[in-house]
Amino acid sequence: MEYNFREIEAKWQQYWAKNQTFKAENPALSGVEGVSDKPKFYVLDMFPYPSGAGLHVGHPLGYIASDIYARYKRHKGFNVMHPQGYDSFGLPAEQYAIQTGQHPAITTEANIATYRKQLDEIGFSFDWSREVRTSDPTYYKWTQWIFIQLFNSWYNKTSDKAEDISTLISIFEAEGNANVKAACDDEIEIFTAETWKNYSEEEKQTILLKYRLTFLSETEVNWCPALGTVLANDEIVNGVSERGGHTVVRKKMKQWSMRITAYAQRLLDGLAKIDWPQPLKDSQTYWIGRSEGAMVDFKVDGFENDKISVFTTRPDTIFGVSFMTLAPEHELVSKITTPDQKEAVEAYVKATAKRSELERMADVKTISGVFTGAYALHPFTGEKVQIWIGDYVLAGYGTGAVMAVPCGDERDYAFAKHFGIEIINIFEGVDISEEAFTDKENSVIANSDFLNGLPYKKAMKTIIYEIEKRGFGYGKINYRLRDAVFSRQRYWGEPFPVYYKNGLPQMIDKQYLPIVLPEVEKYLPTEDGKPPLGNATTWAWDTNTNTIVSNDLIDNVTVCPLELNTMPGWAGSSSYFNRYMDPQNSEEFVSKEAVEYWQDVDLYIGGSEHATGHLLYSRFWQKFLFDKGIVPTDEYAKKLINQGMITGTSAFVYRVEGENKFVSKGLIKDYKVQPIHADVSFVNGSDELDVEAFKNWREEYNDAIFIGENGKVLSPTLSKGKGANGENKVLLLEEDLGGDKYIVGREVEKMSKSKYNVVNPDQICEEYGADSLRLFEMFLGPLEQSKPWKTSGISGVYSFLKKLWRLYIVNDEFAVSNEEPSAEELKTLHKTIKKVEEDIANFSFNTSVSTFMIAVNELTALKCNKRAILEPLAIIIEPYAPHIAEELWHKLGHSTSVSNVDFPIFEPKYLVESSKEYPVSFNGKMRFKIELPLDLSVKQIEDIIMAHEKTQEQLQGRTPKKVIIVPGKIINIVG
RNA sequence: GCCUCGAUGGCGGAAUUGGUAGACGCGCUGGAUUCAAAAUCCAGUUCUUUCGGGAGUGUGGGUUCGAUUCCCACUCGAGGUACCA
């Protein structure tokens, strides 16, 4: 009776699907007995984007880990929800559509089918009845609904939460907006209740838009006219688009934005109460970028009505200001520049416009700038301060202007030195002739009027008080975080539930959702530069019938144009974890009962690349939904783990330059060679190349000559035989080569199709089975670290599974005995239980696999065949290798799934030892070992050890200075 | 530049509060079984050695009876971020 993984795995995968073994019940809704008594546990994976390439072995790593955890929790008596779905809107499907005309929905559907097949083959315990797809109208209906909720809300800083826009309107009607503290647009005019009531409906709406949590704003974007779209920073390389190399310009566009900045402080504070990796928290903290300081206005000499506002974190150094720097794009630049400087300034502004923001920021070494000829007036001293422009100041950050204090800031110092600007020292007892003094905590202010002699903290308080008293500024907490642009000029995304009347956005009522993506002829932007939805001919809203109608009917009275942008990639993923709780609900986003029961995610596993994208936006939406009373917690995931990347081990062959000849790795120093990626599937575990497979790979290599490691020309004689893993292959026999082989070079790189180092899970499942794949992925190393993939090692876990199987087999028949287990057997079992439970608690799955191997090795050595040992063993291994466990469990005579059986209880009594093999060290170096009873006193141990002949041998007559004995641990003799 | 993580045999890695460095697996070497192979099993495998031993966890210091583990300085690698005022 062989371990036939193909048969076993197919059988149990079908069984689980048929019996809905992993369906998680919502007790309140289902009334399923027994479920409601169990505590809930919610294990979540970051759902995948279903790309055309399918899964490679890197993808399931986190899924396997979370699956082990979910399965373990079922054994521990929890009602576990472990859902999966697809983040199925996205660019690749759209690009494929542009190239081929194939509708993205069709491509996406096909890709999902591939993913599903691959996921099923690995034996995950997903509850597929809860599947969501972000591109499914029944799902994005709720994305649109949340958008409407955001539109209908404003952020009240007084109550410190989002409130319905109606509460704001009531305040306006009662007392105007003078006392409203809200997260809102920067420049809002103050009005009274009287004025508000006299505003037209349009004027009112325009004002309200400045307060809403999602709002239209003019945003500067990277516009690529050739592609007809906006590009993200990372899609621009050297100032041109990554795709196609087209020109990119900065352009202002009216777009939807999300007022995430309203939540900056709460997003920061919330980090303290969630168990997420510190590096991830650090990067969110940095991204939010809280800084305390002051806004200060500087008057411009000769321009009575203009002022330059700056934000500074060091208002205490204001007496050290010797110049100001404006971003070249600053609106005052053209106005205040003197005729003398005009030419230079204009040239500089022009040069800056050509540089991308990225380029400007990457170039740290060159100091550049131009004097405008104008002067600002120091608010305290009234002295004239030069106004410069410099491209290190960014228009998009803060006010686009900096008050420069060279003695206290390295960059200002370098700038001042470079252009010979005065450097005023305002620090007591500090030499600034060589560099700026930036240690603010240890600074004492001097040369600064009323601030003289004050340390940093006192000086800050005093100066902010003075600034506010004199009325040219105020203390302010600034955040680096920007409001998030929420419009995309794409086709394959969620349509907005928005139409425009007289240029003002109107929300479509909830009952008419979803607004379904229209059909278009082409997926490209229109010729006049409108987004792809501009191609739709039926894309107008009839306000009488509340239906989408033909554009021909637009009259801007009853029929109005619909929004042409779509939502960004992160829209659908920002709250999907809540939707899993109640995925089929068509009346509500999530029912009260469901969300009260499931509450939040107990364990979330995914990649760290989402640190400041998805993981920040989703926290923002959760806080908003919490404010609205829709969800009961304002942080949605208690615990988060980042799985590390699996890198590929690329293989290289070496072509002699100018020839169609390849030399083996050991010979490359004798030739001028060019390394070429070879597909890793042509290489075996000993880095030997299957030369024939490589030759047949591409026509250009058909006639290539290969020189082996020993310098022999590899003969092309073919022979049938077995490959390294037992598969049938046509290969070169060693005799034919005179024992010579072609050895490839290896290098660890990111796993990628273009590097030919991708390994698919399907291949592995086919050759070794899903249980082997699962064990091997865990065995590779710590979950959170990145690690290279090398398929050759998989034979180790495969042998282990065969060895485990054989424990249950006697004379080729399945058989276990009912004999009482021995102390040794019980010890093996219980130390395994203990270690595996500790490992799961620590997410240390790699060490669990080792522990299983040790247990099976020991039980094999003991020839253990006893039910009392082997039955619990099948349970504890189930989370890791569920198929073989289920098979063994049923063979042991059970008729229901092993997945909900109680985990064996660890009994410490089986591990109690009476003696210990003490390591005896001399000066910290272990020299020999001695077996001693554990109940000896320190004195007794010392007497025994000092009398020992090996001790005397080591000491060679010396008298030890000290003998350290830690009972149960070590003996160390010093001297 | 800054932030974060990491560096242990030929390779992946283990060593849970400072206490036997190299568990477990791959690979490799030798052997058993076999007509042969696959599979399986057994033994060995950090380096070095005059076979007594000696050295050894990126480098250099420090704390300690004792350091892969703690502290300081540095080198290299990976990821992120970026003249952030």
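Chain identifiers are assigned alphabetically (A, B, ...) following the order of the sequence lines, protein sequences preceding nucleic acid strands; residue numbering begins at 1 within each chain.
- Residue A:Ile964 is classed as a base contact, given a heavy-atom separation below 4.0 Å to a base.
- Here A:Arg411 reaches the OP1 or OP2 of B:C84: one of its side-chain N or O atoms lies under 4.0 Å away.
- Of all nucleotides listed (B:G27, B:C41, B:G25), B:C41 comes nearest to the side chain of A:Lys803.
- A:Tyr3 does not carry A:Arg806 over the face of its six-membered ring by the limits of under 6.0 Å from the centre and within 45° of the normal.
- Counting only heavy atoms from C-beta on, A:Lys962 has its side chain closest to B:C65 among B:G19, B:U4, B:C65.
- A:Thr312 comes within contact range of the sugar-phosphate backbone alone, with a heavy-atom separation under 4.0 Å but no base atom that close.
- An OP1 or OP2 oxygen of B:C41 is reached within less than 4.0 angstrom by a side-chain nitrogen or oxygen of A:Arg806.
- Atom-to-atom, CG of A:Leu932 to P of B:G19 comes out at 20 Å; the value is rounded to the nearest Å.
- Heavy atoms of A:Asn857 sit under 4.0 angstrom from primed sugar atoms or phosphate atoms, though from no base atom.
- Checking B:C5, B:A82, B:C65 against the side-chain heavy atoms of A:Val974 singles out B:C65 as nearest.
- The side chain of A:Thr313 lies closest to B:A85, out of B:A14, B:C84, B:A85.
- Base engagement by A:Phe779 is indicated by at least one non-hydrogen atom pair under 4.0 Å involving a base atom.
- Looking at heavy-atom distances under 4.0 Å, A:Asn478 makes no contact with the nucleic acid at all.
- Backbone-only engagement by A:Asp282 is indicated by non-hydrogen atom pairs under 4.0 Å involving sugar-phosphate atoms exclusively.
- Residue A:Lys929 has its side chain nearest to B:U20 when only B:U81, B:G13, B:U20 are considered.
- Phosphate contact (OP1/OP2 of B:G12, side-chain N/O of A:Lys787, threshold under 4.0 Å): absent.
- Residue A:Ser850 has its side chain nearest to B:C24 when only B:C65, B:C24, B:A15 are considered.
- A salt bridge links A:Arg6 and A:Glu766; the closest N-O separation between the charged side-chain nitrogens and carboxylate oxygens is under 4.0 Å.
- Comparing B:U20, B:U4, B:G12 by their nearest atom to the side chain of A:Pro788 picks out B:G12.
- Note on A:Pro277: nothing from the nucleic acid sits closer than 4.0 angstrom, heavy atoms only.
- The side chain of A:Arg927 approaches B:G54 more closely than any other nucleotide in the set B:G54, B:G13, B:C24.
- Not one side-chain nitrogen or oxygen of A:Ser792 sits closer than 4.0 Å to the OP1 or OP2 atom of B:C11.
- Residue A:Lys802 is classed as a sugar-phosphate contact, given heavy-atom separations below 4.0 Å to backbone atoms only.
- For RNA chain B, the neighbouring residues in residues 831-839 of chain A, judged by any heavy atom under 4.0 Å, are A:Lys835, A:Glu838.
- Put simply, the side chain of A:His378 gets close to the backbone of A:Ile318: a donor and an acceptor are under 3.5 Å apart.
- Paired with A:Glu858 under the rule salt bridge (Lys or Arg N to Asp or Glu O under 4.0 Å), one option of A:Lys863, A:Lys827, A:Lys831 passes, and it is A:Lys831.
- Following rounding to the nearest Å, A:Phe800 (CZ) and B:G25 (P) show an atom-to-atom distance of 10 Å.
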